[in-house]
Amino acid sequence: MATIAENIQQVRQRIAGACAEAQRDVQSVTLLAVSKTFPADSVREAVHAGLHRYGENYVQEAVDKMQALADLRAQLEWHLIGPLQSNKTRVVAEHFDWVHSVDRLKIAERLSAQRPAHLPPLQLCLQVNISGEDSKSGLAPAEVPDVARQVAGLPHVKLRGLMAIPEPAGDLDARRRPHRALRELMESLNQEGLVLDTLSMGMSADLEAAILEGATVVRIGTALFGRR
Ligand SMILES: *Cc1c(COP(=O)(O)O)cnc(C)c1O
């Protein structure tokens with residue numbers, strides 16, 4: 001079985017290949033390691049192999065890992081990428097650096113109100129249901145401009161961009177379509193005067209399609225840590 005360090009190298013090669021094809025600077029894509037369901041020791045191994053940004057889906061699991069890795073806190077960035085209920089916003093505001101999965105104004109308002117004063121603003125993305133699936137969480141694209149404007153005005157959070165989890169698609173063209181739609185949505189928000197710089201899209205199976213359409217953060221679990 002490949003080690004985490006070997007997997008990181010492979011993923012970095014895929015990112016570099018996609019950046020070359022897209023004629024993008026490889027530095028313009030951030031690798032977010034999705035460590036959900038893997039133990040703190042796996043994260044520690046990945047940190048030693050050079051990864052410093054981690055995405056988690058479940059708040060309590062993440063906080064437990066943060067505590068186990070408290071000695072590394074200064075060099076780590078923790079991103080919440082899973083669904084967030086109102087009753088968990090305080091612990092998230094107190095512990096995380098980023099939240100990618102904001103899908104309601106109310107959640108952003110609570111995060112802003114509960115962000116401790118000694119911490120920098122919590123960095124946020126709005127999750128968009130870009131493929132229009134009933135089962136997926138996220139704002140409908142038509143709802144995004146209004147919510148984005150209001151979130152951008154909150155004091156202790158910073159709206160950075162958009163996130164999506166498109167449904168799996170067969171060929172590269174089909175995979176690119178939802179990523180393109182998310183990029184175009186962000187571009188239209190920026191034309192209206194918002195200043196967004198983050199497109200959180202692309203996972204183990206579709207990171208190339210996402211990078212070709214402008215992803216700035218790819219969220220990679222399986223290809224780094226193995227099957228869950
Ligand atoms: C689990 C998860 C990922 C990582 O998916 P892989 O296919 O394992 O790379 C990325 N984003 C979100 C929101 C996830 O829940």
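Just follow the structure's listing: the first ligand is 1, and inside any ligand the first atom is 1. For the numbers below, each heavy atom of this structure counts, side chains included, while hydrogens, waters and symmetry mates do not. Small disclaimer: the values here were computed from a predicted structure and weren't measured.
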Residue [X] vicinity, atoms of ligand 1 by number, heavy atom under 4.0 Å:
X: Thr222; answer: 6 (P), 7 (O), 8 (O), 9 (O)
X: Lys36; answer: 1 (C), 2 (C), 3 (C), 14 (C), 15 (O)
X: Ile165; answer: 13 (C)
X: Arg219; answer: 4 (C), 9 (O), 10 (C), 11 (N), 12 (C), 13 (C)

Problem set entry | More than 12 heavy atoms from other groups under 6.0 Å of CD on Glu94 | yes
Exercise. Is there a nitrogen or oxygen of Gly221 sitting under 3.5 Å from a nitrogen or oxygen of ligand 1?
Worked result: yes
Seminar exercise, completed: Going by the 4.0 angstrom heavy-atom rule, the piece of Asn57 near ligand 1 is side chain
Seminar exercise, completed: Short version for His100: what comes under 4.0 Å of ligand 1, heavy atoms counted, is neither
For this session: Kindly identify the option in Ile81, Val218, Ile220 whose heavy atom sits closest to atom 12 (C) of ligand 1.
Result: Ile81
For this session: On the 0 to 90° scale, with breaks at 30° and 60°, tag the Trp78-Tyr54 ring pair as parallel, tilted or perpendicular.
Result: tilted
Exercise. Between Arg175 and Ala169, is there a donor-acceptor pair closer than 3.5 Å when you use the side chain of the first and the backbone of the second?
Worked result: yes
Exercise. Short question: side chain of Gln23, backbone of Glu21 - any donor-acceptor pair under 3.5 Å?
Worked result: no
For this session: Please say which of Leu154, Leu80, Val102, Val151 ends up in a side-chain contact (heavy atoms from CB on, under 4.5 Å) with Leu111.
Result: Val102
Seminar exercise, completed: for atom 9 (O) of ligand 1, nearest protein heavy atom and its distance come out as Ser204 OG, 2.5 Å
For this session: Could you tell me the residue and atom name of the protein heavy atom closest to atom 10 (C) of ligand 1, and the distance to it rounded to 0.1 Å?
Result: Met203 SD, 3.2 Å
For this session: Inspect the contact between Arg44 and Asp71 and indicate whether a charged nitrogen and a carboxylate oxygen are less than 4.0 angstrom apart.
Result: yes
Exercise. Is there a donor-acceptor contact under 3.5 Å linking the side chains of Arg110 and Ser86?
Worked result: no
